[in-house]
Number of protein chains: 2
Amino acid sequence: MNPTSSPKFRRRKADRPREIVAAALQIFAEKGFASARLDEIATRAGLSKGAVYLYFETKEDVFRAVVEHAIAPEIDLARAAIAAHPGPLPDLLRLLAERFVAVVGGSAVGGVAKMVIGEARNFPELARVWHDRLVSKVIGAVASAVAAAQVRGEVRPGDPRIYALQIIAPLLVGVIWRETFVPVGAPEFDLSSLSVQHLDTLLVGLLTPESA
Amino acid sequence: MNPTSSPKFRRRKADRPREIVAAALQIFAEKGFASARLDEIATRAGLSKGAVYLYFETKEDVFRAVVEHAIAPEIDLARAAIAAHPGPLPDLLRLLAERFVAVVGGSAVGGVAKMVIGEARNFPELARVWHDRLVSKVIGAVASAVAAAQVRGEVRPGDPRIYALQIIAPLLVGVIWRETFVPVGAPEFDLSSLSVQHLDTLLVGLLTPESA
DNA sequence: TACTAATAACTGACCAGTCAGTTATTAGTA
DNA sequence: TACTAATAACTGACTGGTCAGTTATTAGTA
């Protein structure tokens, strides 16, 4: 009819994978792996289902790319913050929490985390990637920061790995809460207030009386 | 072949629903809703798929029954513990944590929780049931116990609802960890040690200097 | 004999993955 | 600059398999 003004499609090989992953991130975060339809992912990415298979072998392949894509910035976040921590433990923890709230609050990472939890049994490999590349690194880094602070006499005795979990858990549950219960009418937890009150409270119990 | 010793089936109308729900609890906890096969549930319950439809309308109906079944004892647990709490807040919290570890550690409730998180978007009604009947009640009860303790001067100022989340979160994350990452090789967190160290630490920050 | 719990074969819908054909784009030619 | 051949990005109809839910039939029970 009118070939000049509205071509049926554009050839944009370079941009497609990124766009497909972005669309898949949304759909997977909404529906989980099994219930996500490739047709819907393709449509949201602005192409046909067949074209998705020009860029990815299988649906699981797309899922993998999404997890990688969601993980990468998180690793940078954790690495940079821990590597550059100069001062005492409370400063590091407040910095980490602040970044966590900013990054997780403003992206679909929470949705991906929920998806990983939900699909862990059916796709253990993805849980493994998520754990090995992200979660264990964060827990390990926080735990060794705590252990170092214990050596300096800043932090009371106790299992550093459990301390790390205690530090992270309320923030994580805040995100899961938002993804799971807020959509069905539960009142939200403000991540920022949660983060502040959590650290204020926990640090009192964490630090030795001398250093506090 | 041998009709007397092994009849092809028995008629046991009264027991079937309970057995189906028990089998479904396991399968759903393992696979989540979408990936669970009704055939597998039926087989594990010791009957055929068609027979399941004599007792339940749809697969979602079975899911509903499972959630109800998993919730009921938890509600009793929370209600009884809170209602009967006599002494100061630390005693109540230690009691609750102990029960939590015992009940969640020894049952498939953790699996159901994970399932609810994973399937929340696709079956919001079930997330609503889980929230309204269980989670909000527990959070609310803990929050009002904290608020009462604040009035008594036992607990420092701060949002009681956030305090409640802080109290529960590490235990919850411990369970999610076990369900999600331990199967792919992550080291376990001992729920019991976690619970003890968590309360020991948190209570220092929670209680006023006078009451501690 | 009448009744019904239970089975097992069946249906219909759905969907991941395929592929033959279509169309946008680029390279080559004059 | 205009035309054309060659290429490859893309489409959409199709297939093969899976599975929730149905039903014709069988077998246990009263």
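Chain identifiers are assigned alphabetically (A, B, ...) following the order of the sequence lines, protein sequences preceding nucleic acid strands; residue numbering begins at 1 within each chain. Computed from heavy atoms alone, side chains included, the values below leave out hydrogens, waters and symmetry copies.
- In this structure, D/dT25 forms a base pair with C/dA6, meeting either the Watson-Crick or the G-U wobble geometry with both donor-acceptor distances under 3.5 Å.
- At least one donor-acceptor pair closer than 3.5 Å links the side chain of A/Lys59 to the backbone N or O of A/Phe33.
- Protein atom OH of B/Tyr53 is 15 Å distant from nucleotide atom C1' of C/dA6, rounded to whole Å.
- When heavy atoms are screened at a 4.0 angstrom cut-off, B/Phe56 is found touching no nucleic acid atom at all.
- One can place CZ of B/Arg37 at 17 Å from P of D/dG17, the figure rounded to the nearest angstrom.
- Looking at the side chain of B/Thr58, the nearest of the listed nucleotides C/dA6, D/dG21, C/dG17 is D/dG21.
- Across all strands shown, D/dA20 forms a Watson-Crick or G-U wobble pair with C/dT11, both key distances being under 3.5 Å.
- Separating the CG atom of B/Leu47 from the C1' atom of C/dA8 is a distance of 13 Å, rounded to the nearest angstrom.
- No more than 12 heavy atoms of other residues, nucleotides or ligands sit less than 6.0 Å from atom CZ of B/Arg133.
- Between the side chain of B/Thr43 and the backbone N or O of B/Asp39, at least one donor-acceptor pair lies under 3.5 Å.
- The base of D/dG21 lies close enough to the side chain of B/Lys49 for a donor and an acceptor atom to sit less than 3.5 Å apart.
- Residue B/Leu54 contributes atom CG, which lies 14 Å from atom C1' of D/dA24 at whole-angstrom precision.
- Salt-bridge annotation for A/Glu125 and A/Arg128: absent, with no side-chain N of the basic residue lying under 4.0 Å from a carboxylate O of the acidic one.
- Counting non-hydrogen atoms of other residues, nucleotides and ligands closer than 6.0 Å to CD of B/Glu30 gives a total above 12.
- Using Watson-Crick or G-U wobble geometry with both donor-acceptor distances under 3.5 Å, C/dA30 finds its partner in D/dT1.
- Following rounding to the nearest Å, A/Glu40 (CD) and C/dA16 (P) show an atom-to-atom distance of 10 Å.
- When heavy atoms are screened at a 4.0 angstrom cut-off, A/Ala34 is found touching no nucleic acid atom at all.
- In this structure, C/dA16 and D/dT15 make a Watson-Crick or G-U wobble pair, each of the two defining distances being under 3.5 angstrom.
- If you measure from atom CZ of A/Phe28 to atom P of C/dA16, you get 9 Å, rounded to the nearest angstrom.
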